[in-house]
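We count ligands from 1, going down the list as the structure has it; atoms in each ligand are counted the same way.
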Amino acid sequence: MGHPFPPDWTAIHSQTYVYEPGCWEACKGFCCSGRHEDFSFQLLPSRGAAIFYMQEEYEHLAGQGRAPKLDGVATRQVSIEFGGPRPLSFVYHFCGLEGACQGVLDKPFHCLVYPFMPVFDNYGALLDVAPGSIFDLTAILHDEQASCPLWKTRKEHYLRLWRSRTPLLAPLRRPLVLFYLAAYKLFVDSYNERFLDWEEGRELRGAEFWSAWELQYLGRRFFDSDLLKQGFLTKLHELEKIHGSFF
Ligand code: SF4
Ligand code: SF4
């Protein structure tokens, strides 16, 4: 399906958003390995990383053989019917490469920008950054040892850099990308609210906390899907009012 303002995926993937040489030495490459001293999950994978592709981003990379093939298990499409002209779709991939993806697959935007997910207003002005994974998001909310140390040490640096070097973020300022990123931010906000309502988790710390969290997370306690769908639809209408029909 064609889009009136198609994102330039090649430009999006050719940018260096986060440059921190050797940062994995401090955390043993948590973002790709999933290794964390407090994690001993029963059902969630204990090694590797969950990554997400925007649907059109996946199609672009997969069309060039630079993304994993859909298999319905490790790599699967997720579509959310939210009342728009078509579902909001993305591709979930469980990456077990533990940092060794070079020459195997191209990093999606999610990996290129980790641990900071840009938050834009409807016109494409950078407002803030959100945590790039559910683990970081949870650790920050619960004041646990942050999974990625850059969140604490480099957030302000990247906010300043991205605000000052506008061409770096320019390829993201397409309505379709703004919509995906806004949907992610809506998810983060909704998660924040539900997570902070979880009274039983407040007193738990470390490994005990993460074990209890896993059950709540898998039980979908932290998601209000009706509210999220409503939020997606409202955001789509807001963006279309400004940019015209694009979805
Ligand atoms: S978790 Fe953060 S600090 Fe560690 S390797 Fe990944 S980006 Fe670098
Ligand atoms: S694609 Fe590369 S950067 Fe992304 S999670 Fe896998 S190994 Fe890490």
Side-chain angles (χ1 to χ4, degrees), residues 9-10 12-39 41 44-71 73-78 90-119 128-162 168 172 177 180-181 184 188 206 210 213:
W9 296 111
T10 303
I12 289 173
H13 293 137
S14 65
Q15 307 274 0
T16 301
Y17 301 95
V18 176
Y19 182 64
E20 295 287 328
C23 65
W24 55 88
E25 282 160 17
C27 67
K28 307 278 183 283
F30 171 80
C31 50
C32 299
S33 72
R35 292 171 200 259
H36 188 298
E37 61 186 21
D38 289 334
F39 288 2
F41 297 130
L44 290 173
S46 55
R47 292 284 180 270
I51 59 179
F52 294 91
Y53 297 79
M54 295 171 259
Q55 176 67 30
E56 295 76 4
E57 175 189 28
Y58 177 81
E59 286 164 10
H60 170 81
L61 289 173
Q64 300 173 354
R66 289 151 50 201
K69 288 194 168 54
L70 291 174
D71 62 8
V73 186
T75 312
R76 55 183 190 266
Q77 188 173 44
V78 180
F90 54 90
V91 171
Y92 164 94
H93 171 61
F94 187 76
C95 175
L97 294 169
E98 297 201 32
C101 53
Q102 199 171 2
V104 182
L105 55 85
D106 281 10
K107 292 177 189 179
F109 175 69
H110 185 192
C111 294
L112 293 171
V113 83
Y114 180 88
F116 309 113
M117 195 60 88
V119 177
D128 199 358
V129 289
S133 83
I134 196 77
F135 298 122
D136 294 304
L137 175 56
T138 307
I140 292 160
L141 286 172
H142 198 55
D143 207 17
E144 286 292 307
Q145 182 196 339
S147 316
C148 173
L150 298 182
W151 180 264
K152 274 194 177 155
T153 59
R154 302 294 276 165
K155 177 182 171 187
E156 294 307 319
H157 164 79
Y158 281 102
L159 266 174
R160 272 197 307 277
L161 179 80
W162 291 353
L168 184 68
L172 303 175
V177 178
Y180 276 112
L181 293 178
Y184 180 76
V188 166
W210 286 109
W213 172 86

Any donor-acceptor N/O pair, T75 side chain to D71 backbone, under 3.5 Å:
no
heavy-atom search around atom 2 (Fe) of ligand 1 in the protein gives C148 SG, 2.3 Å
Mark the output for P115 as yes if a heavy-atom distance to ligand 1 is under 4.0 Å, and as no if none is.
no
With heavy atoms of W24 as the reference, note each atom of ligand 1 found under 4.0 Å away.
5 (S)
Sub-3.5 Å donor-acceptor pair from the side chain of H110 to the main-chain atoms of I51, do we have one?
no
Please check if the distance between the ring centroids of Y17 and F116 is under 6.0 Å.
no
Who's the nearest protein heavy-atom neighbour of atom 1 (S) of ligand 2, and how far?
L105 CD1, 3.6 Å
Note: Y53 and P68 closest approach over all heavy atoms is OH-CD, 3.2 Å
Among all the protein's non-hydrogen atoms, which is closest to atom 8 (Fe) of ligand 1, and how far away is it?
C23 SG, 2.2 Å
Give the ring-plane orientation class for W9 versus H13, where under 30° counts as parallel, over 60° as perpendicular and anything between as tilted.
parallel
Tally of protein N/O/S atoms under 2.8 Å from atom 4 (Fe) of ligand 2?
1
What I'd like to find out is whether the side chain of Y19 reaches to under 4.5 Å of the side chain of L161, using heavy atoms alone.
no
Please write down residue, atom name and distance for the protein heavy atom closest to atom 4 (Fe) of ligand 1.
C27 SG, 2.1 Å
Does the side chain of Y180 pick up a donor-acceptor pair with the side chain of E57 at under 3.5 Å?
no
Main chain of F135, side chain of W213: is a donor-acceptor contact present, judged purely on distance under 3.5 Å?
no
